Engineer: 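Handing you this structure, nothing more for now.
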There are 2 protein chains.
Amino acid sequence: MRPKITLKQIAKELDVSISTVSKALRDSPEIGEDTKEKIKAFAKFYNYKPNNIALSLKNRKTKTIGIIIPEIVHHFFTTVISGVEKVANELGYNVLVCLSDNSFDKEVLNMEMLANGSTDGFIMSLAKETMQKGDYHHLVEAINQGMPLVLFDRVIDEITCDKVIIDDVNGAKKAVQHLIDIGCKKIALISTVDYVSVGKLRTKGYKTALKDNFFNVDESLILKIEEMDESEAEIERFLKDKDIDGVFAVNEHFAISAIKAIQENGKKVPDDVSVIGFTDGELSKRFIPSLTTVSQHGTRMGEEAARMLIEKLENTPAEDEKYKTIIVETGLVTRNSTKS
Amino acid sequence: MRPKITLKQIAKELDVSISTVSKALRDSPEIGEDTKEKIKAFAKFYNYKPNNIALSLKNRKTKTIGIIIPEIVHHFFTTVISGVEKVANELGYNVLVCLSDNSFDKEVLNMEMLANGSTDGFIMSLAKETMQKGDYHHLVEAINQGMPLVLFDRVIDEITCDKVIIDDVNGAKKAVQHLIDIGCKKIALISTVDYVSVGKLRTKGYKTALKDNFFNVDESLILKIEEMDESEAEIERFLKDKDIDGVFAVNEHFAISAIKAIQENGKKVPDDVSVIGFTDGELSKRFIPSLTTVSQHGTRMGEEAARMLIEKLENTPAEDEKYKTIIVETGLVTRNSTKS
DNA sequence: TTGTAGGCGTTATCAA
DNA sequence: TTGATAACGCCTACAA
């Protein structure tokens, strides 16, 4: 076992001063060619690499960015991480991943943990509980301490910072418009309760599309799921004997539960009822029938978020005062759960 | 904007020395009650928190563990991360996530990046390319530098360290035994090429189960996939007009492709052919028919790995010399792709 | 061309 | 009871 070597040790071995070594390794012209040679050779031999921690302390920046998400076992968030990681690595940053488990307390804890010097900035999607409570003091504090923050997907108006969102309203509109275009007359919506911002926005898109086409909005065709765990049963109950020919669901899971329920009712997808989901995951692709969905481009969102954060990190505070919101457009991926 | 406050600043404000502040905040009995009170109140007001980086430098440990995986957009790895994260957080550690993208170079790069002080130890699953090359110098180096390493899932014999694996042979055996128990006579295997250790082991389990039941191994019923991208077409070709009544596939994707191929051949799952997969992901659960699978307990593996690593980290080098391999048992989850 | 000294934020040891 | 000092590993302005 050969522990990491330090400048100090090299200096002692070679009988020169620490700063000479430091300079030599950074190829400073101040140092004589032969000394440089000697030092470099020695350092290479012992595989010297500067200690990141020491550098962090000195430079007051860690070159790592923290990402806090509600859950990782969720294809969308996974793709976002992958996007963040890609850009971060290209730009010489590391990625610290924390999970809030959708709990407010864990979110706050994680943030405090990372804010004490572990991270230069944050990329986050808020926990459901946080949005319910409406308590954002931890975000405010991080910003006050001068730590840039980029919010994505589950964002809020109350905090002024960079944001990356998808065009939920438009995505939903596109989906419903597509259902209308293929001839659907009675389109149900399966959404989440309104404090989840995406649920609210997608509901808005649904209603807008209907109105644009002079359909009227029938509230009895709208289901708002409160408890994820019971969504399957709820959807089954909701769809039981309902006279519909189209369903727009705000995520994959709801869409699939809907398909199951429809099939159990003795109807066929897509012949009798067309179904569109939101979020284009593995599930949508491989389910039978494969799902027509609004795709969210998680990787793209992650990349954008990372780029924005790092830009803030590397710019002077003067230019920091302008915050952008990047809207990542959605795409409609047509598969076999909708008539063509 | 109110940047983070330091001991030094508190000391200056309160006109005491830095060490007095430090001691007071750690509630040292050396300091007088009233001074303590005053300092604590002040610190609380300004929300003082010790700087992690400075602590890391001083203590020569970062309290973060690095996890390097081939890809994150893969349910199994995601669950592992989730397990690592859980245990790590409970024990006061952070988790640094890096992706190798199955590339040897990226794996080496990531490791070097993290080894320079960013991490106290590693939890890894090797990139496919690394296993092909058989070049493990980066692992050896990390270990030589005194950084504990825990390998999981894609592990190798060449490196001596803690490992967490699942009982692939047994898992496969269980699956095939189950097929036999429900009456299958001609069971096909869809596996990967042999340098992927799991492919090899699961193939072994398949053969063992057959032999245990006095079936003979028919090599024409075994398919070894080389290229993930073409797996679907390959499986279709392989299964075309094959006379079988059972399929054991070494992962979800292969299993689903098999089901599709079987159905396209005009046969029914599970009535004509029973199918079992490996890795219990979202896909298996929600596919129709839902998949009977060997479940891998990724979360469990992550938890075990984290526990082992942290134990190494917090123990004296003396006890470090013993390495364990934890074998996480698999379970068979029976669903609708097999006859009952 | 090389070396000295100070500082990044903390803690621990020892002196006052 | 409090404070000065050194050290963790690195860099850099300045001195020699």
Side-chain angles (χ1 to χ4, degrees), chain A residues 3-40 42-43 46-64 113-120 145-147, chain B residues 3-40 42-43 46-64 92 114-120 145-147:
Chain A
K4 288 212 66 75
I5 196 169
T6 68
L7 284 188
K8 199 187 201 173
Q9 293 167 37
I10 300 184
K12 194 159 77 181
E13 289 300 322
L14 262 38
D15 209 42
V16 290
S17 82
I18 296 180
S19 63
T20 304
V21 179
S22 173
K23 285 172 188 163
L25 292 177
R26 330 197 87 237
D27 211 32
S28 154
E30 292 181 44
I31 307 295
E33 276 309 323
D34 35 354
T35 345
K36 260 201 254 187
E37 284 300 297
K38 194 179 60 176
I39 293 178
K40 279 186 183 170
F42 190 89
Y46 282 99
N47 191 25
Y48 170 80
K49 295 270 165 50
N51 179 315
N52 283 333
I53 295 293
L55 286 180
S56 295
L57 186 58
K58 173 135 251 300
N59 303 328
R60 270 95 150 290
K61 54 172 98 169
T62 62
K63 285 276 195 176
T64 98
M113 203 155 165
L114 300 195
N116 301 321
S118 301
T119 317
D120 294 339
Q145 287 179 12
M147 308 199 70
Chain B
K4 289 211 66 76
I5 196 168
T6 68
L7 285 188
K8 198 187 201 174
Q9 293 166 39
I10 300 184
K12 194 160 81 180
E13 289 299 322
L14 261 39
D15 208 42
V16 289
S17 82
I18 296 180
S19 57
T20 304
V21 177
S22 174
K23 285 172 187 163
L25 291 178
R26 331 198 85 239
D27 212 30
S28 153
E30 292 181 43
I31 307 296
E33 275 312 320
D34 34 353
T35 346
K36 260 201 254 188
E37 284 300 296
K38 194 179 59 177
I39 293 178
K40 280 186 182 170
F42 190 90
Y46 282 98
N47 192 27
Y48 169 81
K49 295 270 167 48
N51 178 316
N52 284 333
I53 295 292
L55 287 180
S56 295
L57 186 59
K58 176 135 247 307
N59 303 329
R60 272 100 149 290
K61 53 173 99 170
T62 62
K63 285 278 195 174
T64 97
L114 300 194
N116 300 321
S118 301
T119 317
D120 294 338
Q145 287 179 14
M147 307 200 70

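Order of the sequence lines sets the chain letters (A, B, ...), proteins ahead of strands, with each chain counted from 1. Model, not experiment: these values are computed from the prediction.
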Engineer: Check for a donor-acceptor pair, side chain of B:Asn59 on one end and backbone N or O of B:Lys61 on the other, with a separation under 3.5 Å.
Structural biologist: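 No; zero donor-acceptor contacts below 3.5 Å.
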Engineer: Going by modelled atom types, is there a donor-acceptor pair between the base of D:dA4 and the side chain of B:Ser19 at under 3.5 Å?
Structural biologist: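 Checked by distance alone, the answer is yes.
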Engineer: I need the minimum non-hydrogen distance between B:Ala43 and B:Leu25, along with the two atoms involved.
Structural biologist: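 For B:Ala43 versus B:Leu25, the nearest heavy atoms are CB-CD2, 3.6 Å.
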Engineer: So do the side chains of B:Thr20 and B:Leu14 get within less than 4.5 Å of each other, counting heavy atoms only?
Structural biologist: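 They are not in contact (no side-chain heavy atoms under 4.5 Å apart), so the answer is no.
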Engineer: For the pair made of CD in B:Glu33 and P in D:dT1, what is the distance, rounded to whole Å?
Structural biologist: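 Taking CD of B:Glu33 and P of D:dT1, I get 9 Å after rounding.
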Engineer: Using a heavy-atom cut-off of 4.0 Å across all strands, would you classify A:Ser56 as base, sugar-phosphate, or nothing?
Structural biologist: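 If one applies the 4.0 Å heavy-atom cut-off, A:Ser56 turns out to touch nothing in the nucleic acid.
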Engineer: Give a yes/no answer on whether the side chain of A:Tyr48 brings an N or O atom under 4.0 Å of OP1 or OP2 in D:dG9.
Structural biologist: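 No, outside the criterion.
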Engineer: Remember a base hit wins even if backbone is also touched, and classify B:Leu7 as base, sugar-phosphate or nothing at under 4.0 Å, heavy atoms.
Structural biologist: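 Base, at least one base heavy atom under 4.0 Å.
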Engineer: As a test of reading the structure: which of D:dG9, D:dC14, D:dG3 is closest to the side chain of A:Lys23, going by heavy atoms?
Structural biologist: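 Of D:dG9, D:dC14, D:dG3, D:dC14 is nearest to the side chain of A:Lys23.
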Engineer: Rounded to the Å, how far apart are A:Lys49 NZ and D:dC10 P?
Structural biologist: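 Going from NZ in A:Lys49 over to P in D:dC10 covers 13 Å.
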Engineer: To the nearest Å, how far apart are A:Lys4 NZ and D:dC8 P?
Structural biologist: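 So the two atoms are 17 Å apart, to the nearest Å.
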Engineer: Quick check on D:dA7: is either OP1 or OP2 less than 4.0 Å from any side-chain nitrogen or oxygen of B:Arg60?
Structural biologist: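 B:Arg60 to D:dA7 OP1/OP2: no side-chain N or O under 4.0 Å.
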Engineer: Taking A:Asn52's backbone N and O only, do any of them form a donor-acceptor pair with A:Ser56's side chain (distance below 3.5 Å, no angle check)?
Structural biologist: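 A pair under 3.5 Å: yes.
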Engineer: Output the distance between atom CG (B:Leu114) and atom CE (B:Met147), rounded to the nearest 0.5 Å.
Structural biologist: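 Result: 8.0 Å between the selected atoms.
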Engineer: Can you tell me if A:Ser22 touches the phosphate of D:dC11, counting only side-chain N or O atoms and a distance under 4.0 Å to OP1 or OP2?
Structural biologist: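 Affirmative; the distance criterion is met.
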Engineer: D:dA6 P sits how many Å from B:Leu57 CG, rounded?
Structural biologist: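 These atoms are roughly 17 Å apart.
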Engineer: Looking for any heavy atom pair under 4.0 Å, which part of the strands does B:Lys8 touch: base, sugar-phosphate only, or nothing?
Structural biologist: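 Counting heavy atoms under 4.0 Å across all strands, the contact made by B:Lys8 is with sugar-phosphate only.
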Engineer: Using atom CG of A:Asn52 as one end and atom P of D:dG9 as the other, report the distance to the nearest whole Å.
Structural biologist: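 A:Asn52 atom CG is separated from D:dG9 atom P by 14 Å.
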Engineer: How many angstroms lie between atom OG of B:Ser22 and atom CD1 of B:Ile39, to the nearest 0.5 angstrom?
Structural biologist: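 Those atoms lie 9.5 Å apart.
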Engineer: More 5' along DNA chain D: B:Lys58 or B:Ser17, using each one's nearest nucleotide?
Structural biologist: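 It is B:Ser17 whose nearest nucleotide is closer to the 5' end.
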Engineer: In this structure, how many angstroms lie between the C1' atom of D:dC8 and the CD1 atom of A:Ile5, rounded?
Structural biologist: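 It works out to 16 Å between those atoms.
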Engineer: Hey, is the main chain of A:Gly117 close enough, under 3.5 Å, to the side chain of B:Lys49 for a donor-acceptor pair?
Structural biologist: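 Not confirmed, B:Lys49 side chain does not pair with A:Gly117 backbone.
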Engineer: Between B:Thr6 and A:Thr35, just flag the one whose closest nucleotide in DNA chain C comes earlier from the 5' side.
Structural biologist: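 The residue whose closest nucleotide sits nearer the 5' end is A:Thr35.
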Engineer: Rounded to the nearest 0.5 Å, how far apart are OH of A:Tyr46 and CD of A:Glu13?
Structural biologist: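 The distance works out to 6.0 Å.
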Engineer: Quick one: A:Asn59 CG to D:dC10 P, roughly how many Å, whole number?
Structural biologist: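 For the pair A:Asn59 CG and D:dC10 P, the rounded distance is 12 Å.
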Engineer: Using chain A heavy atoms and a threshold of under 4.0 Å, write down where along DNA chain C the contacts begin and end, 5' to 3'.
Structural biologist: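 Terminal contacting nucleotides, 5' to 3': C:dT1 to C:dG9.
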Engineer: In whole angstrom, what separates B:Lys36's NZ from D:dT1's C1'?
Structural biologist: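 So the NZ-C1' distance, B:Lys36 to D:dT1, works out to 11 Å.
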